[in-house]
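Have a look at the structure below before the remarks.
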Amino acid sequence: MRWFLAWAITAGMLTAHAQQQPAPMHEETASDLYAQATQAMLDRDFASRRIEYLLLDLRSGGRIAMRWEHPERPVPIGSLLKPFLAIAYSQSSFANTSSSQPREFPAIRCHGKSDGCWRAGGHGTVALERAIAESCNAYFLSLARSIADSNTSGVDALRRVAAIYGLPPPPAPDVSGEQVLPRSWIGVTGEWRVTPEALARAYGILASQPGDAIVSRVLAGMRQAAGPQGTAARIGAHRGGVLAKTGTAPCLPKLEPCIADGDGLVVALVPAEQPTLLLLVRNRGTTGARAAEIAGEMLSRIEDSRED
């Protein structure tokens with residue numbers, strides 16, 4: 001559990017540091033001017049109101065730019081829940097098992113829609129990294145069902161991970177049916193909702209702990225996600241590489257007006273080895289793959305502006 005404590009300390013330090021940033025007085029600093037210029041550039045070049053975004057400086061924990069219609073409102077985030085579910089799985093155990101060692105991740109055969117996956121033909125046999133890169137529903141449904149079947153240890157692990165990363169508690173067994181619960185934990189049904197700020201900062205904490213063996217595997221999957229075979233492939237190449245995770249979240253009419261059946265999301269962190277920027281994009285009425293393409297264009301504009 002030492003790495004859990006390290007994450008909790010890191011989360012507290014990030015939050016405290018962000019809260020302690022002095023408010024500008026009479027003179028604008030270079031960082032203030034950079035943030036203003038970046039905000040203006042993104043709003044100009046990506047003017048569609050269907051595109052919402054949040055850009056964070058991971059070194060200071062400060063916000064550089066943001067456009068989100070209702071930033072205080074938790075929204076469905078689809079497959080962006082999957083990395084946190086994987087970490088919880090590693091800390092769960094079957095009933096009557098007292099081992100404190102991280103649980104081994106399985107290799108799982110995905111047959112496609114018959115296994116609840118979005119890819120009709122399936123992903124074949126996948127391990128954790130590829131499952132993250134290709135966002136295999138069948139793989140993460142299997143992990144979620146194992147958590148649900150492990151009595152209180154699995155649910156407790158999921159709640160603990162959510163708390164450490166600053167995420168709201170996951171849907172509880174008493175408010176979701178047995179079949180619905182695992183699907184809600186991987187973002188298919190939309191009950192587990194998160195505000196954009198909480199989501200971005202959760203990924204910021206994740207990227208700050210590459211030394212842990214489990215987190216390293218999750219981050220490796222996110223790097224593959226931005227590669228040619230990953231769901232975020234359209235994000236393109238960027239200096240230092242990219243960590244990315246896409247999601248296609250269901251639109252819930254009672255929560256907000258729907259443009260289509262769902263919304264595409266992506267979180268991107270650059271450079272991959274020691275991220276300094278985090279970009280979260282939601283593109284209403286489209287897919288995670290399209291959101292990744294938009295995020296790639298945004299990152300290119302940001303990189304160009306830094307060289308000017």
Checking the side chain of [X] only, and the main-chain atoms of [Y] only, is there a donor and an acceptor separated by less than 3.5 Å?
{"X": "R290", "Y": "R234", "value": "no"}
{"X": "D115", "Y": "A138", "value": "no"}
{"X": "S135", "Y": "I132", "value": "no"}
{"X": "T286", "Y": "N283", "value": "no"}
{"X": "D212", "Y": "V215", "value": "yes"}
{"X": "R73", "Y": "T195", "value": "no"}

Whether the [X] and [Y] side chains hold a donor-acceptor pair (N or O, under 3.5 Å, no angle test) is what I'd like checked.
{"X": "H238", "Y": "E303", "value": "yes"}
{"X": "S79", "Y": "K245", "value": "no"}
{"X": "R103", "Y": "S92", "value": "yes"}
{"X": "D43", "Y": "Q39", "value": "yes"}

Legend entry - Between Y53 and F46, ring centroids under 6.0 Å: no

Inset, instruction - Flag the pair Y203 / F84 as yes when their ring centroid distance falls below 6.0 Å, and as no otherwise. - result: yes

Inset, instruction - Flag the pair E197 and R63 as a salt bridge only when some basic side-chain nitrogen lies within less than 4.0 angstrom of an acidic carboxylate oxygen. - result: yes

Legend entry - Test: E72 and R193 ion pair at under 4.0 Å: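 No.
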
Please tabulate, one pair per line, all N/O donor-acceptor pairs under 3.5 Å involving side-chain atoms of residues 269-279, not counting sequence neighbours.
unit_1 : atom_1 : unit_2 : atom_2 : d
E273   : OE2    : R223   : NH1    : 2.8

Inset, instruction - Find out if a path of hydrophobic residues (ILVMFWY) with successive side-chain heavy-atom gaps under 4.5 Å connects I108 to W118. - result: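 No, it is not one cluster - the side chains of I108 and W118 are not joined through contacts under 4.5 Å.
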
Inset, instruction - Spell out, with a plain yes or no, whether C136 and C117 have SG atoms under 2.5 Å apart. - result: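 Cystine link not detected, SG atoms outside the 2.5 Å cut.
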
